[in-house]
There are 2 protein chains.
Amino acid sequence: MLTIGKLAKAGDISPDALRYYEREGLLAPASKTDSGYRLYGEDAVRRVRFIQHAQACGFTLAEIRELLHLRQSEHACCNDVRSRAVEKKLQLAAKIRAMQTISAALERLIAKCAYGTLPVDDCPILAALEQIDGSAQDDAP
Amino acid sequence: MLTIGKLAKAGDISPDALRYYEREGLLAPASKTDSGYRLYGEDAVRRVRFIQHAQACGFTLAEIRELLHLRQSEHACCNDVRSRAVEKKLQLAAKIRAMQTISAALERLIAKCAYGTLPVDDCPILAALEQIDGSAQDDAP
DNA sequence: CTTGACTCTGGAGTTTACTTCAAGGTTTAT
DNA sequence: ATAAACCTTGAAGTAAACTCCAGAGTCAAG
């Protein structure tokens, strides 16, 4: 059994964040000592990792909580999870495209700006930022 | 001269957001009427666009304020702007790479999950989320 | 047995980019 | 002339994912 500090170290996260996860219904301690200390099992480490990976995959904590609850519900099936993953991937793809558009625009701006010491009034980057056409579309859910 | 509402419409933004920009030192009205109404010149429309484009390029309002102040300072030169743009592009590139890694991981997970009605206990996506290795490195400023 | 490290709770603070509200004054259109 | 639409200020609220704090109790080492 791990105390909150040990779990925090194992998961490279702060004890405060773990307590926050508990408040948010993402991770409850397996038990408590008589004095009220939280005790976690080894599965807590896996769950922390799950949360972190899912976060890295772009899921919010609310969505992760849903995934975790899905896992506990009897009627949920693999496809429920799959469809969420597919949706997330589509959102991610849209964001990547938008960021690539922006990156390309910045690239063009940087290329335009010769190494030199033009006064800032003549800076092509600032000028371009006023007129850019590259539209970055966001996903509207 | 435009009132705040007209400028808001021209810039596709709310009047409240414009007042917020003013508080944040991004956009001041050219003048005020006797009754205290804000009046903006045409350049305000360009400035709003500048702010929006720069935001789309991943600059925060604080950074945009810096860019705008740079423009007004005598000693700033084009290269000051350029180097900020380069830095921003590097950050963007790192984020895009991380998101692509994540997207690829999701893709693999989705592929693994056959169309079927496996109970959620056997879902390969949930299992994989516990063990993913694809590390998404963030930029540490 | 004492020191220091750890933990508890509950609540407040952080960041960003706004939005919403309340209570009132001003313009414009009819 | 009066109603609708617009504008003013200052303050407070929102979301997300935490962090930080005070004040107090608990545990491990020497």
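Fair warning: this is a prediction, and the values are worked out from it, not measured in the lab. The chains referred to below are lettered A, B, ... by the order of the sequence lines, with proteins before strands, and numbering in each begins at 1.
Between Lys32(B) atom NZ and dT8(D) atom P the separation is 7 Å, expressed in whole Å. In this structure, Leu2(B) places its CG atom 11 Å from P of dC7(D), rounding to the nearest Å. Between the CZ atom of Arg19(B) and the P atom of dA12(D) there is a distance of 18 Å, rounded to whole Å. Between the NZ atom of Lys9(A) and the P atom of dT7(C) there is a distance of 8 Å, rounded to whole Å. Remark: P of dC6(C) and CZ of Arg38(A) are 17 Å apart, rounded to the nearest angstrom. Distance CG (Asp12(A)) to C1' (dC18(D)): 15 Å, rounded to an integer number of Å. A straight line from CE of Met1(A) to C1' of dC27(D) spans 18 Å, rounded to a whole angstrom. Remark: C1' of dT7(C) and NZ of Lys6(A) are 13 Å apart, rounded to the nearest angstrom.
Thr3(B) OG1 to Lys9(B) NZ: the interatomic distance, rounded to the nearest 0.5 Å, is 9.0 Å. Annotation: the span from Ile64(A) atom CD1 to Tyr21(A) atom OH amounts to 7.0 Å, rounded to 0.5 Å. Rounding to the nearest 0.5 Å gives a distance of 11.0 Å between CZ of Arg38(B) and CG of Leu7(B).
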**Message:** Across nucleotides 17-30 of chain C, 5' to 3', mark each nucleotide with B, S or - according to how protein heavy atoms within less than 4.0 Å reach it.
**Reply:** BBBB----BBS---

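Residue Leu68(B) is grouped with residue Leu27(B) when hydrophobic side chains (ILVMFWY) are merged at heavy-atom distances under 4.5 angstrom, including chains of intermediate members.
For Leu26(B) against Arg47(B), the heavy-atom pair with the smallest separation is O-NH1, 2.8 Å.
Residues forming a side-chain contact (heavy atoms from CB on, under 4.5 Å) with Gln100(A) (at least two apart in sequence, or on another chain): Ile96(A), Ile96(B), Gln100(B).
Between Asp43(B) and Arg46(B), no side-chain nitrogen of the basic residue sits less than 4.0 Å from a carboxylate oxygen of the acidic one, so the salt-bridge criterion is not met. Looking at Lys89(B) and Glu107(A), a side-chain N of the basic residue comes within less than 4.0 Å of a carboxylate O on the acidic one, giving a salt bridge.
Side-chain contact between Val45(B) and Tyr40(B) is absent, with no heavy-atom pair separated by less than 4.5 Å.
Inter-axis angle, ends of the helix from dC1(C)-dG30(D) to dT30(C)-dA1(D), five pairs per end, rounded to 10 degrees: 0°.
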